[in-house]
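Just follow the structure's listing: the first ligand is 1, and inside any ligand the first atom is 1. Given the structure is predicted, the values throughout are model-derived calculations rather than measurements.
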Amino acid sequence: MNCVNIKIDGKDYQAFEGQLLTDAAEENGIHIPTLCHFKDMFPPLSSCRVCMSKVNGKFKTACTTKVWDGMEVEVNTPELRDLRSSIVEMLFAEGNHYCPACAKSGDCELQTKGYEMGIAVSRFPHLFEARKKDYKAKNFYIDHSRCIHCGRCVAQVETDDHQKVFYFQKRGHNTFVGMDYINEARLSKEQVFRAMDLCPVGAIIAKERGFAKTFGKRKFDYKSAVKYLEFESLKKHDFKAEESNGRKVVATASLAGCFGCHMSLLDIDEGLLDLVELIEFNKSPLTDVKKFSKRAHIGIIEGGIANSENYENLKLFRENCDVLVALGECAIWGGLPAMRNTVPLEACLEESYLNSMTGDQGKKLIPYHTDIPVISDKVYGIKDAVMIDYFIPGCPPRPNLIWSMVKAILFGTKEKIPYEDLKYD
Ligand code: SF4
Ligand code: SF4
């Protein structure tokens, strides 16, 4: 094969003529993210579009572009990073991704792309569509909520006599991956495990292998193309709040969440001693101060909106805090409480109060009183109700991550966040 000269982001490299750009870049140590392509896959699927690059000034998917002599490629520009991030954000918002409850967590390519791109929040509203889970097959269960329609399983999974197992059904927004139950039952154990590994997300789970790997042994636990992310305050905040004895004022609240983010805040351990030198807590469950006695520089909110009281409390924080931070996944997009969003509210209430094993059996009563906050139709992230300035990801966010980001926001410092601190599940 002939060698050709190409330029990537202004630097000279060599590649084999006709090689796919994704593969040529990878061999030269440049990672172009993709969710459908894997090395030597031909023809490329080109379904996810995450590898979008610019070739001689034109947008092209790197997995379908063959290199030629003199080619000039842009990969790592702010425009392209934003474009790729928007695609991945769309995939998160379009499916139902509850990572801590997913057997693929830690081995999932979508989740890893999210971490690597530093995606704390999707710019798109979450759809929370009720999609089917299919447990009927002998070897797999399929969660259609997590499928990103990459087509890998359709292209690659087959029986020894080359019969397809997966195929696309319906079209457009209604597309889903169907399964041939007769053929899937004929797959060997190795073929079943390969199908699960092939799926970049947790849509195809081998029944015998869910949650089989312990933390630290999963594929992406320590491996990442990105070693750390840089974080700095977006703007030098012109705080209206007044300092108290030279300390910034912080308020916190826990809405629809489990209080785990606050527990993580307390896990800063000896860092708490530094913290109290620098900040004073005002309204917060940590101090048990119930009302704002002064304006806060920063308000930190854990949990999403699941009822009218959550919403009123959130509005109060927005009015009384200069900067508002969403802490953890429940605040960012609803998190685990949002698992109820794919089930009708009436069914949730029935299950909790009328059919529950722990309820008062036979007492057909769903509690109602004017003092009880009105439950919302769905659980919402707090950005759906008020303007949020920053998002700290995690379930819960790691203590170091919280402290680094809060420091950067309050004092305008630039923090390097190691991949391990950003990664959660
Ligand atoms: S780990 Fe599971 S829930 Fe999380 S992004 Fe991957 S497929 Fe979705
Ligand atoms: S089931 Fe997995 S491999 Fe198949 S199309 Fe969906 S995401 Fe891709």
Side-chain angles (χ1 to χ4, degrees), residues 33-38 41 44-50 63 85 87-117 119-122 126-129 131-134 137 139-158 164-171 174-180 184 187 191-206 209-213 215 218-221 329 332-336 338-339 341-342 393-395 422-425:
T34 162
L35 281 169
C36 64
H37 186 66
F38 48 93
M41 182 166 185
L45 296 166
S46 177
S47 54
C48 74
R49 324 304 280 174
V50 174
C63 72
S85 177
I87 297 170
V88 173
E89 288 169 41
M90 226 181 287
L91 292 171
F92 274 113
E94 191 259 346
N96 298 317
H97 296 277
Y98 306 102
C99 297
C102 178
K104 194 68 176 247
S105 190
D107 286 334
C108 172
E109 294 176 41
L110 176 66
Q111 184 191 48
T112 303
K113 295 289 167 285
Y115 292 138
E116 291 184 349
M117 292 177 181
I119 297 172
V121 62
S122 174
H126 284 264
L127 298 183
F128 293 119
E129 281 191 1
R131 298 223 199 116
K132 277 197 305 187
K133 290 180 176 57
D134 184 349
N139 293 304
F140 302 108
Y141 82 81
I142 293 207
D143 187 339
H144 293 285
S145 292
R146 300 176 188 152
C147 175
I148 57 168
H149 303 143
C150 68
R152 282 185 184 182
C153 59
V154 176
Q156 294 266 316
V157 181
E158 53 183 36
K164 294 272 179 209
V165 173
F166 299 101
Y167 52 94
F168 282 123
Q169 281 187 280
K170 301 211 172 161
R171 307 188 67 172
N174 296 319
T175 306
F176 71 95
V177 170
M179 196 182 345
D180 185 312
E184 77 83 21
L187 294 175
Q191 287 167 327
V192 168
F193 291 162
R194 180 173 177 264
M196 176 170 169
D197 291 338
L198 202 61
C199 178
V201 290
I204 297 178
I205 301 290
R209 225 182 71 178
F211 296 104
K213 292 192 211 161
F215 280 67
R218 303 168 311 170
K219 194 167 165 192
F220 298 113
D221 275 340
E329 296 307 297
I332 292 172
W333 63 275
L336 291 187
M339 283 178 114
N341 289 357
T342 56
C395 185
L422 184 83
K423 189 167 159 35
Y424 64 88
D425 47 24

### Query
Does Tyr98 approach ligand 1 within less than 4.0 angstrom via side chain, backbone, both or neither, non-hydrogen atoms only?
backbone
### Query
When rounded to the nearest 0.5 angstrom, what distance separates NE2 in His97 from CG in Leu110?
5.5 Å
### Task
With atom 7 (S) of ligand 2 as the reference point, say which of Val157, Ile205, Ile148 has the nearest heavy atom.
Ile148
### Query
Do any of the N/O/S atoms of Cys102, backbone or side chain, fall under 2.8 Å from atom 2 (Fe) of ligand 1?
yes
### Message
If we only consider heavy atoms of Leu198, is any one of them less than 4.0 Å away from an atom in ligand 2?
### Response
no
#### Entry: Glu116 and Thr112: CA distance, side-chain angles, deciding distance, side-chain hydrogen bond (donor to acceptor under 3.5 Å, both in side chains) verdict
CA-CA 6 Å; Glu116 291 184 349; Thr112 303; over 6 Å; no
### Query
Should you measure from each heavy atom of Ala203, which atoms of ligand 2 turn up under 4.0 Å away?
1 (S)
### Query
Which atoms from ligand 2 have a heavy atom of Val201 less than 4.0 Å away?
7 (S)
### Task
Return yes if some donor-acceptor pair links the side-chain N/O of His149 with the main-chain N/O of Thr175 below 3.5 Å, else return no.
yes
### Mode of His149 contact toward ligand 2 - side chain, backbone, both, neither (heavy atoms, under 4.0 Å)
backbone
### Query
Counting only heavy atoms, which portion of Cys108 has something under 4.0 Å from ligand 1: side chain, backbone, both, or neither?
side chain
#### Entry: Sidechain-backbone polar pair: Lys164 side chain, Ala155 backbone, donor-acceptor under 3.5 Å
yes
#### Entry: ligand 2 atoms in contact with Cys147 (distance to a heavy atom under 4.0 Å)
1 (S), 5 (S), 6 (Fe), 7 (S)
### Message
Using a 4.0 Å cut-off to any heavy atom of Cys199, which atoms of ligand 2 qualify?
### Response
2 (Fe), 3 (S), 7 (S)
